[in-house]
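Remarks on the structure that follows.
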Protein chains: 2
Amino acid sequence: MTSAKPRGATITDVATAAGVSRAAVSKVLRDAYGVSDAMRERVNAAMEELNYRPRIAARAMRGRTFTIGIELPDLANQFFTRMITGALQELEGTRFQVVIAPAERGSRHGLRAIEALVDRQVDGVIAVAPRATPEALERISVHAPLVMFGRHDTSEAYDTVAGDDEAGARMAMEHLLHLGHTRIANLTLPEADHDLSSPHGIRLRTYKAIMEAEGLVAGSRVVHCDEGQDAASEAISRALERDWHSTALFASHDELAIGALRAITEARHPISVIGYDDVPIASHPALGLTTVRQPGAEMGATAIRLLMERLDGRTEAVHEVFEPELVVRSSTSRPGI
Amino acid sequence: MTSAKPRGATITDVATAAGVSRAAVSKVLRDAYGVSDAMRERVNAAMEELNYRPRIAARAMRGRTFTIGIELPDLANQFFTRMITGALQELEGTRFQVVIAPAERGSRHGLRAIEALVDRQVDGVIAVAPRATPEALERISVHAPLVMFGRHDTSEAYDTVAGDDEAGARMAMEHLLHLGHTRIANLTLPEADHDLSSPHGIRLRTYKAIMEAEGLVAGSRVVHCDEGQDAASEAISRALERDWHSTALFASHDELAIGALRAITEARHPISVIGYDDVPIASHPALGLTTVRQPGAEMGATAIRLLMERLDGRTEAVHEVFEPELVVRSSTSRPGI
DNA sequence: ATGAAAGCGCTAACAG
DNA sequence: CTGTTAGCGCTTTCAT
């Protein structure tokens with residue numbers, strides 16, 4: 001019912017109310033050394049009384065904000081949810097808070113969101129931005145330590161956490177080959193063509209290399225689509241209507257695989273699909289998506305750990321690579337495929 | 001390759017480099033009135049040169065941060081993704097940036113995350129926190145305008161955006177009744193029992209009222225589970241093993257429904273399931289989840305609009321309610337159910 | 001059109 | 001153990 005909007009009390013108000021100095025309040029705030037219990041009591045009471053909240057922005061001008069920013073290109077991709085879960089777990093019990101900045105749709109590289117985070121004085125950034133140039137990222141890393149998720153370049157300016165995408169793609173392809181498939185299509189994002197060292201670029205390249213090595217070039221087929229299940233579904237739907245000869249599909253990640261499955265199920269086509277990541281829904285019996293699992297939570301936790309090391313003073317770059325794992329499943333909705 | 005970590009240039013550095021005053025740089029920054037083109041040129045060049053980034057924290061001490069904070073209890077729930085999509089769309093073309101703060105797992109009310117946002121000086125907050133008390137929220141709304149998502153209380157201190165949960169639950173139940181079901185179970189969150197005016201509380205209450213009105217109390221059954229598909233799946237799995245007599249299940253939201261479907265599909269039980277929200281995956285043919293659709297994107301956009309109105313000076317509270325809609329589907333994995 | 005100067009809320013020496 | 005003081009980087013009158 002406070003009629004006015006006094007935009008909150010300040011440290012000075014608290015100090016006055018408690019009859020102490022601002023420094024004293026500040027110390028209580030940070031529970032720094034050198035405050036008597038009596039004073040702490042009084043100050044806390046005054047804070048309560050005044051509904052006081054410290055302005056981190058003001059604190060930021062001197063030191064840390066205890067905030068980690070995570071930039072994501074696609075909130076709907078549940079692999080990132082796993083990553084974040086791991087990051088949050090690693091941060092549990094610390095003073096750090098996570099904020100997530102979604103890249104605007106259409107902005108292909110996510111740089112704007114990363115910059116927004118940096119401008120807001122986060123102490124460190126974890127970002128998923130396969131299309132950003134190393135130069136842009138190096139420019140950013142001047143302002144805050146940066147861990148890039150899923151990149152395979154090895155700049156000195158930022159750390160990276162990635163999966164072994166070549167090994168993973170190989171697993172996927174070998175699985176399909178063992179099943180006897182010879183006409184295997186690939187569903188990937190447009191970026192795969194341009195950013196050859198991005199996860200999708202590597203998976204595509206590996207797909208092509210294996211098809212060639214197996215003498216199956218004639219049976220290969222690459223379908224492109226934008227991010228997301230809907231775009232994947234539409235792309236495959238269109239492809240099925242035209243000249244489709246493949247018996248299997250390697251989708252560059254699970255969201256695409258699930259979108260493809262949508263079109264395939266609707267068209268009642270007997271096509272084997274394999275995805276990548278192992279998002280939570282992939283294991284649903286109705287979907288039963290065979291996929292290549294990446295340890296998302298561990299990767300997220302590692303990203304946080306790398307950031308903390310940087311905050312503790314490390315200056316050389318670290319590049320962590322995680323091994324993927326094949327997960328074979330079957331679906332109740334498309335038995336025997 | 002900048003070896004030192006000078007933590008970035010400041011406005012003073014830019015001013016010096018461009019040979020102008022700090023005020024001038026500030027004006028260019030905000031493209032305020034009264035800067036010659038020549039000066040703007042020079043200043044922009046200097047900024048580029050120095051890799052300058054304005055510190056929003058410093059700006060925050062005077063005015064706005066142009067940041068909207070969104071607190072979410074469960075990143076994995078795709079309904080919130082739809083909400084955020086709507087919010088981002090509404091903000092497109094403005095200077096505002098969205099940051100998302102995930103509530104820590106286990107913290108039942110999400111208050112800490114909301115406070116973290118407020119402490120970081122966001123200009124406004126959208127929050128999903130059915131369990132928070134009105135008092136706590138009113139305390140927060142002193143510091144920043146607040147729009148609560150999915151609450152049915154009507155405090156004067158904050159706005160609300162919610163769906164008509166009673167109407168929605170009624171739709172769901174009537175659908176099952178029309179199908180001829182008489183033994184209908186309900187799967188809901190623990191909070192539904194305590195927070196009677198939360199969405200889940202209302203959906204549960206409506207379920208009970210209808211079962212009673214139809215004289216089907218003997219066939220009713222309420223199963224509780226924690227948030228998320230896994231918890232839902234386990235709860236239903238356990239229930240199925242014991243004394244299960246229901247032929248239909250009304251799950252309080254789609255994530256729970258999908259989790260339940262997991263257990264039901266695995267147990268090969270012929271049970272009709274209806275969810276709530278209509279998350280994107282619900283329409284997948286392998287799942288074919290019948291559900292009650294809420295217009296998530298519109299609700300998110302509306303939340304932003306309410307926030308902007310508050311920032312423009314509105315002081316009376318507004319409470320928006322959206323009408324849900326029944327979406328009937330069928331699944332390829334469990335045909336005829 | 002441009003600049004000087006005050007001050008936003010907080011922290012971090014340093015004195016007492 | 002407590003208080004004084006000097007900024008942090010930016011915006012914003014108010015002069016010039």
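Numbers restart at 1 for each chain; the letters A, B, ... are given by sequence-line order, proteins then strands.
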(request) Send over the distance from B:R120 CZ to C:dG9 P, rounded to a whole Å. (result) 19 Å

(request) Tell me which nucleotide among C:dG9, C:dA4, C:dA6 gets nearest to the side chain of A:R55. (result) C:dG9

(message) For B:R55 versus B:T10, what's the shortest heavy-atom pair and its separation?
(response) NH2-CG2, 4.5 Å

(request) Provide, to the nearest angstrom, the distance between the CG atom belonging to B:D119 and the P atom belonging to C:dT11. (result) 11 Å

(message) Restricting to non-hydrogen atoms, name the atom on B:P145 and the atom on B:L311 that form the minimum distance, rounded to 0.1 Å.
(response) CG-CD2, 3.8 Å

(request) May I ask you to say what B:I56 touches in the nucleic acid, namely base, sugar-phosphate or nothing, with a heavy-atom cut-off under 4.0 Å? (result) nothing

(message) So does A:N51 get a backbone contact from the side chain of B:H143, meaning a donor-acceptor N/O pair under 3.5 Å?
(response) yes

(request) With rounding to the nearest 0.5 Å, note down the distance linking OG1 in B:T81 to CG in B:L72. (result) 8.0 Å

(message) Testing the basics here: between B:A57 and A:A60, what is the closest heavy-atom pair and its distance to 0.1 Å?
(response) CB-CB, 3.7 Å

(request) Give the rounded distance in Å between these two atoms: CE of B:M61 and C1' of C:dC8. (result) 4 Å

(request) Grab the CZ-P distance between A:R30 and C:dG9 for me, whole Å please. (result) 18 Å

(message) Base, sugar-phosphate or nothing for B:S26? Non-hydrogen atoms, less than 4.0 Å.
(response) base

(request) Hey, which sits more toward the 5' end of DNA chain C by its nearest nucleotide, B:A23 or B:A58? (result) B:A23

(request) Start with the C-alpha gap between A:S197 and A:H152, add the side-chain angles, then the distance that decides, and say whether side-chain hydrogen bond (donor to acceptor under 3.5 Å, both in side chains) holds. (result) CA-CA 6 Å; A:S197 70; A:H152 290 269; over 6 Å; no

(message) I need the B:E320 CD to B:L306 CG distance, nearest 0.5 Å.
(response) 5.5 Å

(message) Judged by each residue's nearest nucleotide on DNA chain D, which is more toward the 5′ side, A:A24 or B:A57?
(response) A:A24

(message) Whether the side chain of B:R151 engages the backbone of B:A129 through a donor-acceptor N/O pair (distance < 3.5 Å, no angle test) should be reported.
(response) yes

(message) I'd like to know if the side chain of B:R120 reaches the main chain of B:G69, judged simply by a donor and an acceptor atom lying under 3.5 Å from each other, with no hydrogens or angles considered.
(response) no

(message) Strictly by ring pair (Phe, Tyr, Trp, His ring centres under 6.0 Å), give each pair with a member in residues 65-97 of chain A just once, sequence neighbours left out.
(response) A:F66-A:F96

(request) Can you measure from CZ (A:R314) to CG (A:D159) and round to the nearest 0.5 angstrom? (result) 4.0 Å

(request) Five pairs at each end of the helix from C:dA1-D:dT16 to C:dG16-D:dC1: take the axis at both ends and give me the angle between them to 10°. (result) 30°

(request) Would you indicate what A:V25 reaches in the nucleic acid, counting non-hydrogen atoms under 4.0 angstrom: base, sugar-phosphate, or nothing? (result) nothing

(request) Give, ordered by number, those residues of residues 36-49 of chain B having at least one heavy-atom distance below 4.0 Å to an atom of DNA chain D; if nothing qualifies, reply none. (result) none

(request) Could you tell me the separation between the CZ atom of A:R64 and the C1' atom of C:dT11, rounded to a whole number of Å? (result) 14 Å

(request) Please list all pairs passing the salt bridge (charged side-chain N to carboxylate O under 4.0 Å, His left out) test where one or both residues lie in residues 70-92 of chain A, with sequence neighbours left out. (result) A:E90-A:R305

(message) Reading DNA chain D in the 5' to 3' direction, which nucleotide is the first one with an atom under 4.0 Å from a heavy atom of chain B, and which is the last?
(response) D:dG9 to D:dT12

(request) With rounding to the nearest 0.5 Å, note down the distance linking CD in B:E138 to CG in B:L146. (result) 10.0 Å

(message) Near DNA chain C, counting only heavy atoms under 4.0 Å, which residues of residues 14-22 of chain B show up?
(response) B:V20, B:S21, B:R22

(message) Measuring from atom CD1 of A:I304 to atom CD1 of A:I70, what distance do you get when rounded to the nearest 0.5 angstrom?
(response) 5.5 Å

